[in-house]
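Working notes, beginning with the structure itself.
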There are 2 protein chains.
Amino acid sequence: MNKSEHFEESLQELARFSRCLAHPARLAILKFLAESRTCISGDISDYIPLGRTTVSQHLKELRKLGLIKGEIDGLKINYCLNCDEIREYLRLFEKYFDDIKNAEITC
Amino acid sequence: MNKSEHFEESLQELARFSRCLAHPARLAILKFLAESRTCISGDISDYIPLGRTTVSQHLKELRKLGLIKGEIDGLKINYCLNCDEIREYLRLFEKYFDDIKNAEITC
DNA sequence: ATCTAATGACGCAAACATACGACATAGTCC
DNA sequence: GGACTATGTCGTATGTTTGCGTCATTAGAT
């Protein structure tokens, strides 16, 4: 039933990025990682008002798209932003919206 | 089950915007409207590789968030971008990502 | 008035997302 | 080794999205 693959690859990629940002928990996680710059691990679960396993799943989504990285440090895991990848996606986003913003439409 | 409302309002708003962009058909519609600046109506259905009713539903989503407007013109409906609203959301988006981009994280 | 065309609303089925408890794994500490 | 801790994986329930056929509505054409 899913017909996403009928669209341009760049649109599909942007849609995947957007979908990853389409839940406030994931936005909160990225924000938290940006603020607590020391890349602290599972304090994330304490900060986010959701169960631990749910947070774990959101982290998995973010990792799947490459927006964050997780490094094992003994028993804990240090998550942190993958800034390069994020900037890559932001470039795609801006490229798409440049055309749209500048459409001087009168109707 | 949905716990979205447990998060900051600005994150929820950004999540709604992202969700609206999270399907390539909707991205394709916005792009099409930006290019065919004459705000033409249901040629959109011809351009998008999906059934007419499905496209109609995607248009509804975009309208619900205010990214596009639809004006009745006799039998047809002229859809067009709501650039002001789009720019509003983009500002929110940029505000959020400014903090994240500038997080100089080393891990 | 009747026919046709453009469109949205409704309803359904399949797929996907969200939330979480229970279990598995793997590192630490004694 | 055994207990404990941090974390991921699996299964499952419920909710949401996607895609589309059918029907209703409204405007224009004959």
Side-chain angles (χ1 to χ4, degrees), chain A residues 1-7 11-12 15-29 32-33 36 38-65 67-80 107, chain B residues 1-7 11-12 15-29 32-33 36 38-65 67-80 107:
Chain A
M1 185 172 115
N2 193 329
K3 299 203 164 180
S4 287
E5 69 279 0
H6 295 178
F7 295 89
L11 293 184
Q12 289 185 47
R16 278 194 297 273
F17 177 55
S18 300
R19 172 153 277 156
C20 207
L21 303 177
H23 195 292
R26 291 193 287 273
L27 293 172
I29 290 170
F32 180 74
L33 288 176
S36 69
T38 39
C39 310
I40 294 167
S41 75
D43 317 303
I44 301 170
S45 310
D46 302 339
Y47 176 74
I48 305 285
L50 291 172
R52 191 188 57 76
T53 44
T54 307
V55 172
S56 183
Q57 250 178 293
H58 285 304
L59 287 167
K60 193 176 163 189
E61 290 288 310
L62 290 165
R63 210 161 12 135
K64 202 170 73 186
L65 204 73
L67 302 187
I68 63 174
K69 292 182 281 197
E71 294 202 347
I72 297 170
D73 170 23
L75 195 52
K76 304 203 169 188
I77 294 191
N78 284 353
Y79 277 107
C80 64
C107 73
Chain B
M1 185 172 117
N2 193 330
K3 299 203 163 178
S4 288
E5 70 278 0
H6 294 179
F7 294 89
L11 293 184
Q12 289 186 47
R16 279 193 296 274
F17 176 56
S18 300
R19 173 156 276 154
C20 207
L21 302 177
H23 195 292
R26 292 194 287 273
L27 293 172
I29 290 170
F32 180 73
L33 289 175
S36 70
T38 40
C39 309
I40 294 167
S41 75
D43 315 304
I44 300 171
S45 310
D46 301 339
Y47 176 74
I48 305 286
L50 291 172
R52 191 189 57 76
T53 44
T54 307
V55 172
S56 184
Q57 247 177 299
H58 284 304
L59 287 167
K60 193 177 164 190
E61 290 288 311
L62 290 165
R63 209 162 13 134
K64 203 171 72 185
L65 205 73
L67 302 187
I68 64 173
K69 293 181 281 196
E71 294 201 348
I72 296 170
D73 171 23
L75 195 52
K76 304 204 170 188
I77 294 191
N78 283 354
Y79 278 106
C80 65
C107 73

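A quick note: this is a predicted structure, and the numbers were derived from the prediction, not measured. Numbered from 1 within each chain, the chains take letters A, B, ... in sequence-line order.
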Quick one: list whatever passes side-chain hydrogen bond (donor to acceptor under 3.5 Å, both in side chains) with Ser56(A), sequence neighbours left out. none
Quick one: side chain to side chain contact (heavy atoms under 4.5 Å, CB included) partners of Leu65(B), sequence neighbours excluded? Arg16(B), Phe17(B), Cys20(B), Leu67(B), Tyr89(B)
Drop me the distance from Tyr79(A)'s OH to Ile44(A)'s CD1, to the nearest 0.5 angstrom. 7.5 Å
Among dT7(D), dC20(D), dT17(D), which nucleotide sits nearest the side chain of Ile77(A)? dT7(D)
Which distance, rounded to the nearest 0.5 Å, do you find between the OG1 of Thr54(A) and the CD1 of Ile48(A)? 11.0 Å
Nucleotide dT17(D), atom P - distance to CZ of Arg16(A) in whole Å: 20 Å
DNA chain C: 5'-most and 3'-most nucleotides touching chain A, 4.0 angstrom heavy-atom criterion: dA14(C) to dT28(C)
Using heavy atoms and a sub-4.0 Å distance, could you list which residues of residues 56-65 of chain B are near DNA chain C? By number, please. Ser56(B), Lys60(B)
In whole Å, what is the span from the CZ atom of Arg19(B) to the P atom of dG15(D)? 15 Å
Results of side-chain hydrogen bond (donor to acceptor under 3.5 Å, both in side chains) for His23(A) - residues two or more places apart only: none
Would you please name every residue forming a side-chain hydrogen bond (donor to acceptor under 3.5 Å, both in side chains) with Asp46(A), sequence neighbours left out? none
Could you give the distance from CG (Leu27(A)) to CG (Leu11(B)), rounded to the nearest 0.5 Å? 5.5 Å
Can you check the Glu5(B) CD to dG15(D) C1' distance for me, whole Å? 13 Å
Any chance you could lay out the side chain to side chain contact (heavy atoms under 4.5 Å, CB included) test for Ile29(A) and His58(A), step after step, and finish with the verdict? CA-CA 9 Å; Ile29(A) 290 170; His58(A) 285 304; 3.9 Å; yes
Figure out the NE2/P separation between His23(B) and dT17(D), and round it to whole Å. 12 Å
Please name all residues satisfying side chain to side chain contact (heavy atoms under 4.5 Å, CB included) with Lys3(A), sequence neighbours left out, ordered by chain then number. His6(A), Leu50(B)
By side-chain hydrogen bond (donor to acceptor under 3.5 Å, both in side chains), which residues pair with Thr53(A), not counting sequence neighbours? none
I need a per-nucleotide contact map over nucleotides 23-30 of chain D, read 5' to 3'. Cutoff is protein heavy atoms under 4.0 Å; write B for the base, S for backbone only, - otherwise. ---BBS--
Expressed in angstrom and rounded to an integer, what is the separation of Arg26(B) atom CZ from dG19(D) atom P? 9 Å
Quick one: is Tyr79(A) getting a side-chain N or O under 4.0 Å of the dG8(D) phosphate, OP1 or OP2? yes
Which residues pass the side chain to side chain contact (heavy atoms under 4.5 Å, CB included) test with Glu61(A), not counting sequence neighbours? Arg26(A), Lys64(A)
